[in-house]
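Here is the structure we will look at.
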Amino acid sequence: MSRKNRRFSTFNLSFLDIMSCGFGAVALIFLMIKHGADNQVDRPSLELMAEANLLNEEVLDGDKQLVDIQNTLSDLDQRLAEAQGLARRINDNVLALRNRVTTLSQDNTDQQIKELEKQLNDARVERERLAQQERERGSDARRFMGQGQRQYLTGLKLGGARILILVDASASMLDETIVNVIRRRNMSATARQSAPKWLRAVNTVQWLVAQLPTQSRYQIYTFNTKPTSVIPDSEGIWLSISDRNQLENAVQNLSLISPEKGTSLANVFTSIYQFEERPDNIYLITDGLPTQGEQTPNKNTVSGKERLKLFRDAAETLPMGVPVNIILLPMEGDWMAAAEYWKLGQITGGSFLSPSKDWP
């Protein structure tokens, strides 16, 4: 009876189950979110780490540069101190010198003034003397500068009213060695004119002419087997140094000569007697003893003894009392030439010069 009267409701049971499940789901979700929040891991940023490392490196570089700057400042301070010390010593020395000068000037003023006046007068006299010499020199007529603009002490006795320059233009003037002389003498005239040894002879004549007094007279002969004046048809005639055009022509004509043939001193010494007035000074530019006398020899060779005899015979024909100044450009194998020409210079009262290859 009681069971029949009891009422059953499905809604009430389902509602409780649903509510229980809902609360359980909410609690589970809450636990899951809380757990995830507690276990979150902080991951570092790579960009921030790279920037931090770069800043650290810049800091280290800055520290290093700071140390270098501090060291440089220390060196500069030390140098400044040394410079200041040196400046003080220099100032002390200058002051001491000034005091000494003041003392000396007070004690010896009159004597020093007299000495300075004497030096001034001596300098004026020397200047006038040099000016007078310059006016008398041939440099006013023609200029010639040595290689490198050097000056030379030659020992040659320059000067005279009538000056005769004799230039050896034989084939031996082409070179210092026999082999090269043979080789060059078979060349053209133009090639022989540019031979180094011959150019030295031409330059020597130019140097001599530049040293001669302007008021003197001159003549230039070239010779091999026979003598010839460099100015055509002027043999036996003295030319004036002051005539610049004629002087330039003489030097130009000399440079156009091509050395050839043998050497005869006898003929060129005999030609001196063509002048009505004998020379005051003779300059002989040659390279060795002669190879023939007044006549052409019948044979093609000449020995050393024969050349020595030819030289001595020619020397006897020279006019008495005329200085002969010899400029020797040595030739290979002619070892007696230097001694014989030196003796000729001594006997005649002239001089002897055997210059270096870069002279004049």
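Positions are given from 1 along the sequence. This is a predicted model, so every value here is computed, not measured.
Few gaps surround CD on Glu277; more than 12 heavy atoms of other groups in view lie less than 6.0 Å from it. For CD of Gln246, the number of neighbouring non-hydrogen atoms (other residues, nucleotides, ligands) closer than 6.0 Å is greater than 12. Around CD of Gln295, the count of heavy atoms belonging to other residues, nucleotides or ligands within 6.0 Å does not exceed 12.
Counting heavy atoms from C-beta on, the side chains of Ile285 and Leu166 never come closer than 4.5 Å. Contact check for Trp342 versus Ile326: no side-chain heavy atoms found under the 4.5 Å cut-off. Here the side chains of Met187 and Leu174 are not in contact, with every heavy-atom distance at 4.5 Å or above. For the pair Asn249 and Leu247, the minimum side-chain heavy-atom distance is 4.5 Å or more. Side-chain contact between Val94 and Ile90: present, with at least one pair of heavy atoms (C-beta onward) separated by less than 4.5 Å. Side-chain contact check for Trp198 versus Leu254: some heavy-atom pair is nearer than 4.5 Å. Proximity of Phe223 to Asn267: side-chain heavy atoms (C-beta onward) are nowhere separated by under 4.5 Å. Under the 4.5 Å side-chain criterion, counting only non-hydrogen atoms from C-beta, Asp334 is in contact with Arg307.
Remark: side-chain polar atoms of Tyr283 are not paired, donor with acceptor, to backbone N or O of Ile163 under 3.5 angstrom. Judged by distance alone, the side chain of Asn325 and the main-chain N or O of Ile282 form a donor-acceptor pair under 3.5 Å. Side-chain atoms of Asp280 come within 3.5 Å of backbone atoms of Arg162 as a donor-acceptor pair (strictly under, hydrogens ignored). Judged purely by atom type and a 3.5 angstrom limit, Arg79 has no side-chain atom pairing as donor or acceptor with the backbone of Ser74. A donor-acceptor pair is defined here as one N or O able to donate and one able to accept, closer than 3.5 Å; no such pair exists between the side chain of Gln211 and the backbone of Leu208. A distance-only check finds a donor-acceptor pair linking the side chain of Gln219 to the backbone of Ile237 [under 3.5 Å]. Between the side chain of Thr214 and the main chain of Ser242, no donor-acceptor pair closer than 3.5 Å is present. Side-chain atoms of Glu260 never come within 3.5 Å of backbone atoms of Ala171 as a donor-acceptor pair (strictly under, hydrogens ignored). A donor-acceptor pair under 3.5 Å is absent between the side-chain atoms of Ser240 and the main chain of Arg217, judged by distance alone.
Between Lys343 and Glu340 there is a salt bridge, since at least one side-chain N of the basic residue sits less than 4.0 Å from a carboxylate O of the acidic one. Contact check on Glu294 versus Lys226 returns no salt bridge, with no Lys/Arg side-chain nitrogen under 4.0 Å from an Asp/Glu carboxylate oxygen. The residues Asp175 and Lys197 are annotated as not salt-bridged, no charged nitrogen and carboxylate oxygen being separated by less than 4.0 angstrom. Taking 4.0 Å as the cut-off between side-chain N and carboxylate O, Arg88 and Asp92 do not count as a salt-bridged pair.
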**Q.** Audit row: Asp68, Lys64, salt bridge (charged side-chain N to carboxylate O under 4.0 Å, His left out) steps and yes/no
**A.** CA-CA 6 Å; Asp68 293 339; Lys64 183 178 179 180; 5.7 Å; no
Q. Should Leu76 and Leu80 be marked as a side-chain contact (heavy atoms from CB on, under 4.5 Å) after you check the CA-CA gap, both sets of side-chain angles, and the distance that decides it?
A. CA-CA 6 Å; Leu76 293 176; Leu80 179 61; over 6 Å; no
**Q.** Working for side-chain contact (heavy atoms from CB on, under 4.5 Å), residues Trp207 and Val202
**A.** CA-CA 9 Å; Trp207 182 85; Val202 174; over 6 Å; no
Q: Could you walk me through whether Asp168 and Thr222 pass the side-chain contact (heavy atoms from CB on, under 4.5 Å) test, one step at a time?
A: CA-CA 6 Å; Asp168 188 349; Thr222 61; over 6 Å; no
Q: Evaluate side-chain contact (heavy atoms from CB on, under 4.5 Å) for Val167 paired with Val205, printing each intermediate quantity in order.
A: CA-CA 8 Å; Val167 187; Val205 174; 3.5 Å; yes
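The hydrophobic clustering, which links ILVMFWY residues whose side-chain heavy atoms are closer than 4.5 Å, places Val302 and Trp335 apart. Leu308 and Val268 fall within a single hydrophobic cluster, where Ile, Leu, Val, Met, Phe, Trp and Tyr side chains are chained together by heavy-atom contacts under 4.5 Å. No continuous path of ILVMFWY side-chain contacts below 4.5 Å connects Leu328 to Met331, so the two sit in separate hydrophobic clusters. Criterion: ILVMFWY side-chain heavy atoms under 4.5 Å apart, direct or through other members. Under it, Ile257 and Val181 are not part of a common hydrophobic cluster.
Going from atom CZ of Arg89 over to atom CG of Asn93 covers 9.0 Å, rounded to the nearest 0.5 Å. Taking CG from Asp313 and CG from Leu310, the interatomic distance works out to 6.5 Å, rounded to the nearest 0.5 Å. Here CG of Leu318 is found 6.0 Å from CG of Leu344. Values are rounded to the nearest 0.5 Å. Here Ile165 contributes atom CD1 and Asn281 contributes atom CG; the two are 10.0 Å apart, rounded to the nearest 0.5 Å. Atom-to-atom distance recorded for Leu289:CG and Leu265:CG is 8.0 Å, nearest 0.5 angstrom. Taken from CG in Asp243 to CG in Asn245, the straight-line distance is 6.0 Å, to the nearest 0.5 Å.
At a cut-off of 3.5 Å, with distance as the only test, a side-chain donor of Ser258 or Gln193 sits close to an acceptor on the other residue. A donor and an acceptor atom, one from each side chain of Thr190 and Ser188, are nowhere located under 3.5 Å apart. With 3.5 Å as the limit, one finds a donor-acceptor pair spanning the side chains of Asn180 and Thr177. Side-chain contact, Ser229 with Ser234: a donor N or O sits under 3.5 Å from an acceptor N or O. Looking only at atom types and distance, the side chain of Glu235 has no donor-acceptor partner in the side chain of Ser271 under 3.5 Å away. Residues Asn224 and Ser170 bring no donor and acceptor atom of their side chains to less than 3.5 Å of each other.
Across every non-hydrogen atom of Arg184 and Pro196, the tightest pair is NH2-CD, 3.7 Å. The shortest non-hydrogen separation linking Ile178 to Glu332 is N-OE1, 3.2 Å. Shown here for Tyr221 and Pro227, the closest heavy-atom pair between the two residues is CD2-CB, 4.2 Å. Looking at every heavy atom in both residues, Gly345 comes nearest to Thr348 through O-OG1, 3.5 Å.
In this structure, Tyr218 has its ring center no closer than 6.0 Å to that of Trp238.
Ring-plane geometry between Tyr341 and Phe311 is classed as perpendicular, the angle between the planes exceeding 60 degrees on a 0 to 90 degree scale with a lower cut at 30.
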